[in-house]
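Below is one structure, written out as structure tokens; comments come after it.
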Amino acid sequence: RAAVEAFRRVQARWPQALLILAPRHPERFDEVAKLVADEGLRVERTATEHQQRRRDDDEHLARSLKRGLDAEGYATDVARDGAEGLWLAKESDYDAILLDIMLPKVNGYQVCAALRDAGNWAPILMLTALGEIESRISGFQAGADDYLPKPFEPRELLLRITAILR
């Protein structure tokens, strides 16, 4: 709220001023954006250079994981965002789901909770850069079966997949 008040003072002097939201925790953007919108300010989401770089890194990681898992004999699908991942998981009968938390459109916590609410009990392994204990607890509370913070060793990922498939 303090940031909104400060922005209103700036906007009074320079009406064309633009407020750029860059929350420390990108998964909280929607919450922060709602606060700003409730104050009557227009909110637009654009990808920052950091977010674009992260998206490129995530796409590279997804391709690498797919190649590695395919080579180990797993059949894999890759979703570009949480909404697509949720749709794929509801339409297909997966043995296990690897799920990133910081997904565009619908975050991993929401995807996990929605799958559990829909009765999908395929084991879910969360893969994420968010390694803090609160993030892990949130993942388990959403219904995840395991949690592996990035960066991780590919051998550990394979062992964890084997374990959740038992």
Side-chain angles (χ1 to χ4, degrees), residues 1-4 20-39 43-48 50-62 64-66 68-69 74 76-166:
R1 296 220 186 274
V4 170
I20 299 175
L21 292 177
R24 231 175 266 139
H25 303 284
E27 70 277 6
R28 294 189 61 204
F29 178 87
D30 293 334
E31 176 185 337
V32 174
K34 182 180 180 335
L35 261 172
V36 172
D38 288 348
E39 294 294 324
V43 178
E44 289 184 22
R45 184 168 195 158
T46 59
T48 65
H50 170 74
Q51 289 168 325
Q52 183 60 46
R53 195 173 3 181
R54 191 182 144 277
R55 188 175 306 128
D56 292 345
D57 290 347
D58 289 348
E59 288 173 7
H60 175 73
L61 176 62
S64 296
L65 282 173
K66 180 171 178 37
L69 292 171
Y74 293 100
T76 58
D77 291 321
V78 176
R80 289 180 296 275
D81 58 56
E84 182 181 5
L86 184 57
W87 180 83
L88 281 170
K90 285 183 173 181
E91 293 297 314
S92 304
D93 188 25
Y94 292 107
D95 293 324
I97 298 169
L98 304 183
L99 184 59
D100 196 332
I101 290 173
M102 295 170 46
L103 294 169
K105 296 185 182 176
V106 180
N107 72 43
Y109 299 128
Q110 294 166 322
V111 171
C112 185
L115 290 173
R116 297 309 190 217
D117 288 346
N120 184 326
W121 294 104
I124 295 175
L125 171 55
M126 295 256 186
L127 303 175
T128 183
L130 301 174
E132 299 86 19
I133 187 66
E134 288 305 315
S135 298
R136 293 193 304 264
I137 289 170
S138 295
F140 287 119
Q141 287 174 333
D145 297 285
D146 199 359
Y147 193 105
L148 183 59
K150 298 175 192 172
F152 53 83
E153 174 64 38
R155 291 178 300 168
E156 182 180 5
L157 173 63
L158 289 171
L159 289 169
R160 287 177 181 262
I161 292 170
T162 301
I164 65 174
L165 289 174
R166 283 189 199 132

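Because the structure is a prediction, the values reported are computed rather than measured.
- A side-chain contact (heavy atoms from CB on, under 4.5 Å) with Met126 holds for exactly one of Leu148, Ile97, Ile101; it is Ile101.
- Looking at every heavy atom in both residues, Arg116 comes nearest to Asn120 through NH1-O, 2.8 Å.
- Lys150 and Leu61 make their closest contact through CE-CD2, 3.6 Å (heavy atoms, listed as atom of the first residue, atom of the second, distance).
- In terms of heavy atoms, Ala79 sits closest to Leu88 at CB-CD1, 3.9 Å.
- The two atoms that bring Val78 and Ala62 nearest to each other are CG1-CB, 3.8 Å, heavy atoms only.
- Scanning all heavy atoms of the two residues, the minimum distance from Cys112 to Ala144 falls at SG-N, 3.4 Å.
- Shortest non-hydrogen contact noted between Tyr109 and Ala142 is O-CB, 3.6 Å.
- Residues Leu115 and Leu99 are not in side-chain contact: their nearest non-hydrogen atoms beyond the backbone lie 4.5 Å or more apart.
- With no hydrogens or angles considered, a side-chain donor-acceptor pair links Asp77 and Tyr94 at under 3.5 Å.
- Looking only at distances, a side-chain donor or acceptor of Asp145 sits under 3.5 Å from a matching main-chain atom of Ile124.
- Interatomic distance, CD1 of Ile137 versus OH of Tyr147, reported as 10.5 Å (0.5 Å rounding).
- For the pair Leu86/Gln110, no side-chain contact is recorded, criterion being any heavy-atom separation below 4.5 Å from C-beta on.
- Lys90 has no carboxylate O lying under 4.0 Å from a charged side-chain N of Asp117, or vice versa, which leaves the two without a salt bridge.
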Quiz: residues 152-166 side-chain donor-acceptor pairs under 3.5 angstrom, not counting sequence neighbours:
from   : atom 1 : to     : atom 2 : distance (Å)
Glu153 : OE2    : Arg155 : NE     : 3.4
Glu156 : OE2    : Arg160 : NE     : 2.9
Glu156 : OE2    : Arg160 : NH2    : 2.8
Arg160 : NH1    : Asp146 : OD1    : 2.7
Arg160 : NH1    : Asp146 : OD2    : 2.9
Thr162 : OG1    : Leu158 : O      : 3.0

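- The closest side-chain heavy-atom distance from Leu65 to Leu127 is below 4.5 Å.
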Check: Which is it for Leu98 and Leu69 under the side-chain contact (heavy atoms from CB on, under 4.5 Å) test, yes or no, and what are the steps along the way?
Finding: CA-CA 11 Å; Leu98 304 183; Leu69 292 171; 3.7 Å; yes
